[in-house]
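For the numbers below, each heavy atom of this structure counts, side chains included, while hydrogens, waters and symmetry mates do not.
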Amino acid sequence: MSISNGAPTHCFMEVIKDTTAKSFKDVFVRRLDSNTKLISDGNPSYGVCARDLGLAHSITLSKDEQAHVTFKWLNILIGNCKKFIDGTYHGREEHKQLYLEEFAYRFNRRHFEMSLVERLLNTCVFASPHPLLRESDSKMALAYET
């Protein structure tokens, strides 16, 4: 989760098979840039990843007085995601990653409000590949894009 001016701005969530440094590192390499500051709860895997990727890293243990402040928005985000999955999908687990991606998509665009549907349709239209488009349709879509 990215935090700016004390409030969350963006998030991503991924299902991982375990909490080893390799699992975290695979995600971090794809998702984080080099100027990211990692704040963790002291799990050694985060420290290994931060060192290997050259990320700034600070640790706030759950027993620290500041832990509730440091992880406030993360706890809220996780709680909201759990409620979203339970309420919408009634706790089904067969497509966990897709549920997390939908939650993150909505969260990251929560300030777009009225333009959300328009932006989603636009993304669908211009996403690749277009397996059902004929060549003439594809040229028309490209003309619209420019």
Side-chain angles (χ1 to χ4, degrees), residues 1-133 138 141-146:
M1 172 187 341
S2 297
I3 295 182
S4 177
N5 297 325
T9 56
H10 293 86
C11 76
F12 70 84
M13 297 179 168
E14 283 195 30
V15 176
I16 57 174
K17 61 182 178 179
D18 54 37
T19 59
T20 62
K22 182 184 178 339
S23 294
F24 287 137
K25 191 174 178 181
D26 291 343
V27 173
F28 292 170
V29 165
R30 284 193 324 275
R31 300 284 195 145
L32 304 179
D33 61 18
S34 59
N35 64 353
T36 299
K37 180 181 179 186
L38 186 63
I39 302 172
S40 74
D41 61 357
N43 183 321
S45 297
Y46 289 116
V48 171
C49 291
R51 186 190 67 234
D52 291 351
L53 299 174
L55 301 174
H57 180 225
S58 65
I59 296 172
T60 301
L61 299 175
S62 59
K63 63 183 177 183
D64 293 347
E65 288 182 27
Q66 286 297 107
H68 69 284
V69 174
T70 302
F71 298 117
K72 171 188 172 185
W73 286 112
L74 182 62
N75 291 332
I76 290 171
L77 183 81
I78 291 169
N80 288 347
C81 184
K82 289 164 71 174
K83 288 289 185 188
F84 167 75
I85 291 172
D86 285 344
T88 305
Y89 301 106
H90 307 293
R92 294 187 196 120
E93 293 196 19
E94 59 262 10
H95 304 293
K96 286 187 277 191
Q97 186 59 46
L98 291 174
Y99 302 155
L100 294 176
E101 288 173 14
E102 180 181 357
F103 176 82
Y105 181 89
R106 289 178 181 210
F107 179 82
N108 292 339
R109 289 154 183 83
R110 68 195 179 281
H111 298 297
F112 295 167
E113 295 170 356
M114 298 305 290
S115 66
L116 185 60
V117 173
E118 180 182 322
R119 291 177 56 86
L120 177 61
L121 290 173
N122 195 41
T123 301
C124 292
V125 167
F126 294 113
S128 293
H130 297 286
L132 302 177
L133 281 182
S138 182
L142 288 174
Y144 178 76
E145 226 174 35
T146 55

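- The ring-ring contact (aromatic ring centres under 6.0 Å, His included) check on Phe107 picks up nothing, with sequence neighbours excluded.
- Residues Val27 and Phe12 meet the side-chain proximity criterion, which asks for heavy atoms closer than 4.5 Å.
- Here the shortest heavy-atom pairing between Leu77 and Phe103 reads CD1-CE2, 3.6 Å.
- With values rounded to the nearest 0.5 angstrom, Ser40 atom OG is found 11.0 Å from Leu55 atom CG.
- Note that CD of Glu101 is 11.5 Å distant from CG of Asn108, once rounded to the nearest 0.5 Å.
- Counting heavy atoms of neighbouring residues, nucleotides and ligands inside a 6.0 Å radius, atom CD of Gln97 exceeds 12 of them.
- Distance check: Ser45 OG to Ile16 CD1 gives 8.5 Å after rounding to the nearest 0.5 Å.
- Residues in residues 55-82 take part in no ring-ring contact (aromatic ring centres under 6.0 Å, His included) pair, two or more places apart or across chains.
- Residues forming a salt bridge (Lys or Arg N to Asp or Glu O under 4.0 Å) with Asp41 (at least two apart in sequence, or on another chain): none.
- The side chain to side chain donor-acceptor pair (under 3.5 Å) test applied to Glu102 returns Tyr89, Arg106, not counting sequence neighbours.
- Taking the side chain to side chain donor-acceptor pair (under 3.5 Å) definition, one finds that Gln66 meets it with nothing, sequence neighbours left out.
- Sequence neighbours left out, not one pair with a member in residues 65-82 passes salt bridge (Lys or Arg N to Asp or Glu O under 4.0 Å).
- Listed by first then second residue, pairs satisfying salt bridge (Lys or Arg N to Asp or Glu O under 4.0 Å) with a partner in residues 18-34 read Glu14-Arg30, Glu14-Arg31, Lys22-Asp26, Lys25-Asp52, not counting sequence neighbours.
- Not a single side-chain contact (heavy atoms from CB on, under 4.5 Å) links Asn5 to another residue, sequence neighbours left out.
- Residues passing the side-chain contact (heavy atoms from CB on, under 4.5 Å) test with Ser58, sequence neighbours excluded: Lys37, Ile39.
- No donor-acceptor pair closer than 3.5 Å links the side chain of Thr36 to the backbone N or O of Leu32.
- By the salt bridge (Lys or Arg N to Asp or Glu O under 4.0 Å) test, Arg109 pairs with no residue at all, sequence neighbours left out.
- Taking the six-membered ring where tryptophan is involved, the planes of Phe28 and Phe24 are essentially parallel, since the angle between them stays under 30° and well short of 60°.
- A search for side-chain contact (heavy atoms from CB on, under 4.5 Å) contacts involving Lys96 returns Val15, Glu93, not counting sequence neighbours.
- The nearest pair of heavy atoms linking Leu38 to Tyr46 is CD2-O, 3.9 Å.
- Residues satisfying the salt bridge (Lys or Arg N to Asp or Glu O under 4.0 Å) criterion with Asp64, sequence neighbours excluded, are absent altogether.
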